[in-house]
A.B. asks: 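Below: one structure in structure tokens.
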Protein chains: 2
Amino acid sequence: MTVATMPDTRTRIVASAQRLVQMRGFNGMSYADIAAELGITKAALHYHFPTKTDLGLAAVDRYAGDFAAALRVIDESTPRGKDRLSAYASLYVDALEGERLCLCAMLAAEQRTLTPAVRRAVEGFFAANVRWLADVVRLGRRDGSLGGVGPPDAVAHMLLGAFEGAMLVAWSRGDLPGFRRTARQLVESVAPAR
Amino acid sequence: MTVATMPDTRTRIVASAQRLVQMRGFNGMSYADIAAELGITKAALHYHFPTKTDLGLAAVDRYAGDFAAALRVIDESTPRGKDRLSAYASLYVDALEGERLCLCAMLAAEQRTLTPAVRRAVEGFFAANVRWLADVVRLGRRDGSLGGVGPPDAVAHMLLGAFEGAMLVAWSRGDLPGFRRTARQLVESVAPAR
DNA sequence: GTCTATAGGCAGATAGAC
DNA sequence: GTCTATCTGCCTATAGAC
């Protein structure tokens, strides 16, 4: 039996910021929103994160770290390429169920109003996803669960864009079933020809 | 020989607003930005568009109208399904060359901070695109230029998400060649098996 | 670490002269 | 239609007490 412990303030701030950015965008949320949510003052937030960019950077780092951990879990628990792709889709479903957009999709859209440091962090997230997806495509072609045309890297770029875009459209419409259908369609589109 | 005429103020305002939203987002641009760009005052803007929502709505209407017109041009000039899909991709390229994201992709991301009227307009844009893409898939299957698996509507949803997502990722990285590659990959993925 | 208080700026929006 | 001038409110950020 473990005791439920309250995470420290810094962690709670980042979690709140991450959620708010995923729902309202970096330019659509403020220190006041987080302060109200956590029941502390704006000044306390500035103690932990002097500038808003510091906060945004911490949110991306946390998000990318959690996502990478989820991918490692998939790698360890799911042997076939096609199943890994479906498991990847379910990570997007998890976010949508919390009414959240992918943090990096949101920040990508706002890119021009962000600092270079945040931009680079978002780019790193996408690059890591493409690398992982390319590995999945190679694996799936070896084990016979995936086919498709073109080099693994090109397919991986297509898949990343397709998942992110399907999520964006479905999220804006509040259409989770629609995302599930599109994700299935996508996986079948790179399945081997029968 | 036609005389180059300056568009009326209202039109110039909407054009400027549209461009700014595509580059910086609705929450990332202001009346002051437009005023500076056009050399008029904020008060003049409020004469034409009392609230920012009025302005956003006008921008979406214009954007959706221009896009629909471009789709009609494709319908009239391009007979084969697969070529229509490539022409569709080139519309995205045009925006990226102007360093702009799709207006409705941007507004979709900011959805939670927008008024219901703007949300509905964005939804209408996506729905029109899906209808057009489904028609293209049906046409391509008839003329033998497209194949793919699944019902045309499901493929159309996948294609819309894939193009919008590929655009978002490429735009955030300033990687136009990358978008071209992914668009080609996408078209080949729904081409008929050889 | 968290608070109160406040600075300084920019946002969207309005009044009224011309 | 466009201007000057201004209002009100929220934003990020800081100073200094506790």
Side-chain angles (χ1 to χ4, degrees), chain A residues 5-60 106-107 109-119 121, chain B residues 5-60 106-107 109-119 121:
Chain A
T5 50
M6 173 94 83
D8 65 10
T9 302
R10 198 190 149 88
T11 303
R12 291 168 63 220
I13 292 170
V14 179
S16 171
Q18 182 190 320
R19 203 188 113 266
L20 282 164
V21 173
Q22 286 184 259
M23 295 183 72
R24 305 179 46 86
F26 190 78
N27 294 328
M29 63 87 113
S30 69
Y31 275 72
D33 296 329
I34 301 174
E37 195 166 282
L38 301 184
I40 57 179
T41 62
K42 292 187 287 174
L45 295 180
H46 280 286
Y47 168 80
H48 294 280
F49 300 96
T51 73
K52 206 182 173 187
T53 286
D54 296 329
L55 187 50
L57 219 43
V60 182
M106 184 66 85
L107 295 175
E110 296 179 292
Q111 175 250 138
R112 290 243 164 182
T113 67
L114 304 177
T115 58
V118 177
R119 276 204 278 264
Chain B
T5 51
M6 173 96 80
D8 65 11
T9 303
R10 199 189 148 88
T11 303
R12 291 168 63 221
I13 292 170
V14 178
S16 171
Q18 182 190 320
R19 203 189 112 265
L20 282 164
V21 173
Q22 286 184 258
M23 295 183 73
R24 305 178 47 85
F26 190 78
N27 294 329
M29 66 90 134
S30 68
Y31 274 72
D33 296 328
I34 301 174
E37 194 166 283
L38 300 184
I40 57 179
T41 62
K42 289 191 291 173
L45 295 180
H46 279 286
Y47 168 79
H48 293 280
F49 300 96
T51 72
K52 206 183 175 188
T53 287
D54 295 329
L55 186 51
L57 219 41
V60 182
M106 185 65 86
L107 295 176
E110 296 179 292
Q111 175 249 137
R112 290 244 166 182
T113 68
L114 305 177
T115 59
V118 177
R119 276 204 279 263

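Here is how names work: the chains are called A, B, and so on, in the same order as the sequence lines, proteins then strands, and each is numbered from 1.
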A.B. asks: Side-chain N or O of A/Tyr31 less than 4.0 angstrom from OP1 or OP2 on D/dC11?
C.D. replies: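 Indeed not, no polar side-chain atom of A/Tyr31 lies that close.
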A.B. asks: Contact between B/Asp33 and B/Ser30 at the side-chain level, heavy atoms closer than 4.5 Å - yes or no?
C.D. replies: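 Sidechains of B/Ser30 and B/Asp33: in contact.
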A.B. asks: For the CE atom of B/Met29 and the CZ atom of A/Arg112, what is their distance to the nearest 0.5 Å?
C.D. replies: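 If we round to the nearest 0.5 Å, B/Met29:CE and A/Arg112:CZ are 14.5 Å apart.
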A.B. asks: A/Met23 and A/Leu20: side-chain contact (heavy atoms from CB on, under 4.5 Å), yes or no, with the steps?
C.D. replies: CA-CA 5 Å; A/Met23 295 183 72; A/Leu20 282 164; 5.9 Å; no
A.B. asks: For B/Met106 versus B/Gln22, what's the shortest heavy-atom pair and its separation?
C.D. replies: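 Taking B/Met106 first and B/Gln22 second, the nearest heavy atoms are CE-O, 3.5 Å.
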A.B. asks: Please report, rounded to the nearest Å, how far the C1' atom of C/dA11 is from the CG atom of B/Asn27.
C.D. replies: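 Computing the B/Asn27:CG to C/dA11:C1' distance gives 11 Å.
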A.B. asks: Rounded to whole angstroms, how far apart are NE2 on A/His46 and C1' on C/dT4?
C.D. replies: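 Answer to the nearest Å: 14 Å.
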A.B. asks: Starting at CG of B/Asp54 and ending at C1' of C/dG12, how long is that distance when rounded to a whole Å?
C.D. replies: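 Taking atom C1' of C/dG12 as the reference, CG of B/Asp54 is at 12 Å.
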A.B. asks: In whole angstrom, what separates B/Lys52's NZ from C/dA11's C1'?
C.D. replies: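 These atoms are roughly 8 Å apart.
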A.B. asks: Could you measure the distance from the NZ atom of A/Lys52 to the CG atom of A/Leu57? Nearest 0.5 Å is fine.
C.D. replies: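 Between atom NZ of A/Lys52 and atom CG of A/Leu57 there are 14.0 Å.
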A.B. asks: Rounded to whole Å, how long is the line connecting atom CZ of B/Phe49 with atom P of D/dG1?
C.D. replies: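 After rounding, the reported distance stands at 12 Å.
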A.B. asks: Please enumerate all protein N or O atoms sitting under 3.5 Å from an N or O of nucleotides 2-4 of chain D, with distances to 0.1 Å.
C.D. replies:
{"residue": "D/dT2", "atom": "OP1", "partner": "B/Thr9", "partner atom": "OG1", "Å": "3.0"}
{"residue": "D/dT2", "atom": "OP2", "partner": "B/His48", "partner atom": "NE2", "Å": "2.7"}
{"residue": "D/dC3", "atom": "OP2", "partner": "B/Thr41", "partner atom": "N", "Å": "2.8"}
{"residue": "D/dC3", "atom": "OP2", "partner": "B/Thr41", "partner atom": "OG1", "Å": "2.9"}

A.B. asks: To the nearest angstrom, how far is A/Ile34 atom CD1 from D/dC11 atom P?
C.D. replies: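 Computing the A/Ile34:CD1 to D/dC11:P distance gives 11 Å.
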A.B. asks: What distance separates B/Phe49 CZ from B/Ile34 CD1, expressed to the nearest 0.5 Å?
C.D. replies: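 Separation between the atoms: 8.5 Å.
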